[in-house]
Amino acid sequence: MKLLHIDSSALGANSVTRELSAAVAGRWRESFPDIQVEYRDLDAAPLPHLTGGSLARADADEAAEAGRVLEQFLAADVIVIGAPMYNFSIPSTLKAWIDRVAIAGKTFKYTETGPLGLAGGKKVIIASGRGGIHSGAPTDFQEPYLRQVFGFLGIDDVEFVRAEGVAYSPQHRADAMAEAHRSIPRPMALDKAA
Ligand SMILES: Cc1cc2nc3c(=O)[nH]c(=O)nc-3n(C[C@H](O)[C@H](O)[C@H](O)COP(=O)(O)O)c2cc1C
């Protein structure tokens, strides 16, 4: 079984999503000691924005890296993503990663009856952090967006571990983090897991 662990927060050691994504990945390691974990830090090593040059594969190094990003995504059984809310959505570094894994003919395709996701059978757990409180509100373009993207790729098993209102006060942050840690789902063997 393979786990891909991704972080995208720009707040380093002060990041709530980094703390939560590490806790989620750690729980999987404890439950499945043989699990193969790969880690990608999109803040420390951001991917380039998708441009016309990217689509034309003008830069061989960029195209090769994009291929590795896609392969790494396709190979993963479990994907843990630290995804803060930035400006009501996600960090642009995480969007740049999504632009490299949402590839027509590889992870989705269009048919006569509409789009079809090709990357099903994976589990995605998103460690979500936001300064304000947005659950169920029209201001949330982060979690519904991520659910939509992965659903479009055929991945319906998407869970959120959420700390929100962390900017309200230190006490709010401590309470939200304690609740988020308590809500971490228990790792379960996947049907396709070896
Ligand atoms: C650039 C930036 C933009 C942010 N935009 C929002 C926002 O639109 N709404 C919100 O509730 N919090 C916003 N925040 C607060 C973060 O969501 C909050 O700090 C959260 O903890 C981020 O997760 P992290 O600690 O893992 O980086 C923003 C923070 C940063 C640094």
Side-chain angles (χ1 to χ4, degrees), residues 3-11 15-25 27-28 40 42-43 46-47 49-50 69-70 73-74 76-104 106-111 113-168 172-173 175-177 179-188 190:
L3 184 149
L4 174 58
H5 177 189
I6 292 175
D7 276 320
S8 60
S9 169
L11 297 185
S15 158
V16 304
T17 61
R18 284 175 185 271
E19 179 180 322
L20 292 172
S21 71
V24 172
R27 202 68 71 81
W28 280 83
R40 187 176 281 276
L42 295 172
D43 182 71
L47 299 167
H49 285 299
L50 191 75
V69 170
L70 179 61
F73 169 74
L74 288 171
D77 302 294
V78 182
I79 304 173
V80 179
I81 304 177
M85 175 183 275
Y86 283 177
N87 299 316
F88 303 101
S89 179
I90 57 170
S92 58
T93 50
L94 181 55
K95 177 61 165 56
W97 178 83
I98 290 170
D99 286 342
R100 303 296 176 160
V101 301
I103 306 293
K106 299 283 188 185
T107 54
F108 72 92
K109 67 178 181 181
Y110 280 98
T111 71
T113 53
L116 181 66
L118 302 177
K122 303 180 192 303
K123 181 177 192 63
V124 172
I125 305 163
I126 294 172
S128 165
R130 39 254 203 130
I133 294 177
H134 302 275
S135 287
T139 52
D140 189 354
F141 298 92
Q142 171 212 14
E143 293 186 13
Y145 167 72
L146 290 167
R147 192 180 286 285
Q148 168 65 26
V149 164
F150 289 111
F152 184 74
L153 303 182
I155 306 169
D156 296 321
D157 187 353
V158 181
E159 292 188 83
F160 291 87
V161 172
R162 175 186 310 112
E164 64 180 344
V166 300
Y168 281 21
H172 269 90
R173 177 178 168 129
D175 291 347
M177 287 301 279
E179 177 55 31
H181 278 283
R182 273 195 298 273
S183 77
I184 291 174
R186 194 159 59 90
M188 307 275 273
L190 305 176

>> Quick one, Gln142 with His134, criterion side-chain contact (heavy atoms from CB on, under 4.5 Å). Give me CA distance, side-chain angles, the key distance, then yes/no.
In response: CA-CA 9 Å; Gln142 171 212 14; His134 302 275; over 6 Å; no
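- In terms of heavy-atom proximity, Ile155 sits nearest to Ala119 at CG1-O, 3.2 Å.
- Summarising the geometry, atom CG belonging to Leu74 is positioned 7.0 Å from atom OG1 belonging to Thr107; distances are rounded to the nearest 0.5 Å.
- With hydrogens and angles disregarded, no donor-acceptor distance shorter than 3.5 Å links the side chain of Glu159 to the backbone of Ile126.
- Taking all atoms of both residues into account, the shortest heavy-atom contact from Val161 to Ser183 is CG1-OG, 3.9 Å.
- Remark: aromatic rings of Phe108 and Phe152 are close, center separation under 6.0 Å.
- Between the CH2 atom of Trp28 and the CG atom of Asp77 there is a distance of 9.0 Å, given to the nearest 0.5 Å.
- Asp43 places a side-chain heavy atom less than 4.5 Å from the side chain of Arg18.
- Of the inter-residue distances, the one linking Leu116 atom CG with Lys109 atom NZ reads 6.0 Å to the nearest 0.5 angstrom.
- Two residues are said to be in side-chain contact when any heavy atoms from C-beta on lie closer than 4.5 Å; Asp140 and Met85 meet this criterion.
- Salt bridge Arg147/Asp156: absent, no basic N to carboxylate O contact under 4.0 Å.
- Taking 4.5 Å as the limit, every side-chain heavy atom of Arg40 sits out of range of all side-chain heavy atoms of His5.
- In terms of modelled atom types and a separation under 3.5 Å, the side chain of Tyr110 and the main chain of Ala104 share no donor-acceptor contact.
- The shortest side-chain heavy-atom distance between Ile125 and Ile79 does not fall under the 4.5 Å cut-off.
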> Hey, mind stepping through Val80 and Leu3 against side-chain contact (heavy atoms from CB on, under 4.5 Å) and telling me if it holds?
Replying inline: CA-CA 7 Å; Val80 179; Leu3 184 149; 4.1 Å; yes
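- Counting only distance, with no hydrogens or angles, the side chain of Asp7 and the backbone of Ser9 share no donor-acceptor pair below 3.5 Å.
- Listed for the Ser21 side chain is a donor-acceptor partner under 3.5 Å among the backbone atoms of Thr17.
- The shortest heavy-atom contact between Gly129 and Val16 is CA-CG2, 3.9 Å.
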Listing, residues 90-102 side-chain donor-acceptor contacts under 3.5 Å, not counting sequence neighbours, or none:
residue : atom : partner : partner atom : Å
Lys95   : NZ   : Asp99   : OD1          : 2.9
Lys95   : NZ   : Asp99   : OD2          : 3.3
Arg100  : NH1  : Glu62   : OE2          : 3.2
Arg100  : NH2  : Pro48   : O            : 3.0
Arg100  : NH2  : His49   : O            : 3.4
Arg100  : NH2  : Glu62   : OE2          : 2.8

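- Applying the side chain to side chain contact (heavy atoms under 4.5 Å, CB included) test to Tyr168 and every residue at least two apart in sequence or in another chain returns Ile133, His172.
- Put simply, CZ on Arg186 and CZ on Arg27 are 10.5 Å apart, with the number rounded to the nearest 0.5 Å.
- Judged by distance alone, the side chains of Glu164 and Ser128 never bring a donor and an acceptor atom under 3.5 Å apart.
- With contacts defined as side-chain heavy-atom distances shorter than 4.5 Å, the pair Val78/Leu190 qualifies.
- The shortest side-chain heavy-atom distance between Leu118 and Leu153 does not fall under the 4.5 Å cut-off.
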>> If you apply the rule side-chain contact (heavy atoms from CB on, under 4.5 Å), what do you find for Val166 with Arg130, and how did you get there?
In response: CA-CA 6 Å; Val166 300; Arg130 39 254 203 130; over 6 Å; no
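- By the 4.0 Å N-to-carboxylate-O rule, Arg162 lies close enough to Glu143 to be salt-bridged with it.
- Leu146 has its side chain out of reach of Val158: every pair of non-hydrogen atoms, C-beta onward, lies at least 4.5 Å apart.
- For the pair Pro84/Ser15, no side-chain contact is recorded, criterion being any heavy-atom separation below 4.5 Å from C-beta on.
- The backbone N or O of Ala76 lies less than 3.5 Å from a partner atom in the side chain of Lys122, making a donor-acceptor pair.
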>> For a side-chain contact (heavy atoms from CB on, under 4.5 Å) check, start with the C-alpha distance between Phe150 and Ile81, then their side-chain angles and the critical distance, and finish with the verdict.
In response: CA-CA 12 Å; Phe150 289 111; Ile81 304 177; 3.5 Å; yes
